[in-house]
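Below you'll find the structure, written out as structure tokens, and then a few comments.
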Amino acid sequence: MKIKKISVYSFNVKLRSPFRIALGTSITSSGYLVRIETKGGLIGFGEASPSSKILGDDMKSCLETLRSLANELVGSDIKSMEELERRIAKVGGSPSARCAISMALWDLWARIHNEPLYVLLGGARDRVETDYTIGIKGIKETVEEALSLVKMGFRTLKIKVGEDPKKDVERLKAVRDAVGDKVNIRIDANQGWTYEEALWVINQIKDLDIQLIEQPLPANDLRGLAKLKARSEIPIMLDESVHNAYDALIALKLNACDVINIKLMKAASIREALKIAYIAEAAEIPTMIGCMAELQVGILAGINFACGLNVVKYVDLDADLMAEQRLVSVNTIEIPYRFPLRSPGLGFEDKDINYDLLSKEVEVTKD
Ligand SMILES: [Mg+2]
């Protein structure tokens with residue numbers, strides 16, 4: 001089935017409240033929706049969520065790569081995902097752009113084969129439980145938000161830390177006190193601590209039943225992370241240190257983590273994300289599926305990925321819930337669960353998309 005048209009739309013949606021992490025504060029979710037149409041009339045969708053701090057791309061470089069990929073791929077036959085993914089990788093450039101194109105092609109691939117994407121990716125289950133992330137804020141605000149999330153039905157909280165070790169510990173103690181012992185708490189320092197600070201925090205929070213510590217040290221300090229892992233009773237999860245399968249192999253070789261956080265945007269393609277997942281499975285360690293600032297399309301791809309594979313043990317797919325508006329009018333949440341749609345591919349159609357939020361940036365056609 002040949003690709004007839006590739007269109008790219010930009011969006012910039014406000015978040016319900018500013019989201020602060022150790023690397024900076026976001027007030028909007030900006031990105032691109034990719035729409036790929038085949039000659040047979042099937043349509044696949046993908047989403048790019050660029051990030052200068054984590055992915056090294058931005059709206060401008062992402063659009064450049066999307067334009068190159070649209071020119072490269074229009075007119076191509078969707079016969080082999082292996083071949084298409086190799087061509088995407090060869091173009092290089094912005095990881096989030098490559099991911100959006102890969103996502104739209106996998107969506108089409110599943111639609112061609114008339115199955116929901118998660119079934120083609122392995123079909124392990126039809127729903128997964130997500131956490132909800134609390135950004136860095138004061139103790140009182142953190143506790144209030146934690147209590148309101150638990151009241152809404154979330155059973156796992158991911159708390160952002162990494163700005164000030166002493167305040168981090170105080171906030172975590174206050175949250176554990178407030179929510180009791182039935183709620184899971186995982187924390188993410190986004191590279192914010194030094195080795196000594198991380199060790200001090202781990203010692204201070206060892207009785208708080210913290211499920212995971214994500215990226216306590218800078219991404220490139222794998223030796224420090226390995227040392228920390230050897231001394232920590234709390235499992236260490238790597239996020240910014242592991243973008244692709246090569247990074248996963250190195251991290252595992254150095255024994256630098258207990259869990260890997262896979263993000264489709266970091267992997268820059270669904271195929272690369274699958275490679276990381278299978279490497280983790282072979283190494284007998286679990287993975288998390290996380291997200292950048294994606295809206296519904298990227299999050300739905302993440303849900304499908306998580307539902308495809310049992311090695312995805314932890315799920316952090318909440319970014320779309322933080323935005324003021326919805327890119328796609330479909331429901332994929334029943335707190336605390338997220339579920340894929342039952343129709344082929346990602347499962348939604350043109351009519352479900354809120355085109356009012358979108359501005360057309362690129363359109364490449366070939367008949
Ligand atoms: Mg993280």
Side-chain angles (χ1 to χ4, degrees), residues 15 18-26 29 31 49-57 95-96 99 128 130-137 142 154 156-163 165 168 171-172 184-194 197-198 201-202 205 210-222 224-225 228-229 232 234-244 247-248 251 256-268 272-273 276-277 280 285-294 298-299 302 305-306 312-322 338:
L15 300 185
F19 186 65
R20 186 157 137 229
I21 69 170
L23 294 167
T25 302
S26 314
S29 164
S49 182
S51 154
S52 56
K53 296 217 169 74
I54 294 172
L55 305 173
D57 59 7
S96 64
C99 183
V128 284
T130 186
D131 62 26
Y132 193 95
T133 307
I134 302 178
I136 296 177
K137 45 186 79 178
T142 306
F154 289 100
T156 304
L157 304 174
K158 171 163 155 174
I159 301 179
K160 291 288 191 178
V161 291
E163 255 193 3
D168 291 337
R171 278 171 72 229
L172 294 174
N184 297 310
I185 299 178
R186 43 183 83 142
I187 63 175
D188 185 358
N190 285 107
Q191 315 180 54
W193 294 324
T194 63
E197 286 171 341
V201 172
I202 288 168
I205 62 174
I210 301 295
Q211 188 187 46
L212 296 165
I213 302 181
E214 184 170 342
Q215 201 67 52
L217 306 183
N220 59 8
D221 187 9
L222 286 176
L225 286 157
L228 198 63
K229 169 179 146 41
S232 174
I234 307 170
I236 304 286
M237 175 161 67
L238 294 186
D239 179 3
E240 290 94 320
S241 294
V242 178
H243 287 240
N244 51 40
D247 296 341
C257 62
D258 300 288
V259 186
I260 292 173
N261 185 348
I262 301 173
K263 289 180 180 165
L264 299 181
M265 292 297 145
K266 284 188 300 175
E272 191 71 15
I276 303 171
I285 67 160
T287 66
M288 169 183 274
I289 179 89
C291 56
M292 305 298 296
E294 292 98 310
I299 293 294
F305 188 86
V312 182
K313 184 173 174 192
Y314 306 106
V315 175
D316 174 28
L317 293 174
D318 55 2
D320 59 324
L321 309 173
M322 298 180 186
R338 303 229 61 168

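Side-chain atoms are counted along with the backbone in the values below, which use heavy atoms only and exclude waters and symmetry mates. Order of appearance sets the numbers: ligands from 1, and atoms from 1 within every ligand.
- Backbone or side-chain N, O or S atoms of D239 reach the Mg ion (ligand 1) at under 2.8 Å.
- The atom name of the N/O/S atom in E214 closest to the Mg ion (ligand 1) is OE2.
- Of the N and O atoms on the side chains of R171 and T142, at least one donor lies less than 3.5 Å from an acceptor on the other residue.
- At least one N/O/S atom of D188, from backbone or side chain, sits under 2.8 Å from the Mg ion (ligand 1).
- Across all non-hydrogen atoms, the minimal contact from E214 to M237 is OE1-CE, 3.1 Å.
- A donor-acceptor contact under 3.5 angstrom links the side chains of T156 and N184, judged on distance only.
- Between L317 atom CG and I289 atom CD1 the span is 6.0 Å, to the nearest 0.5 Å.
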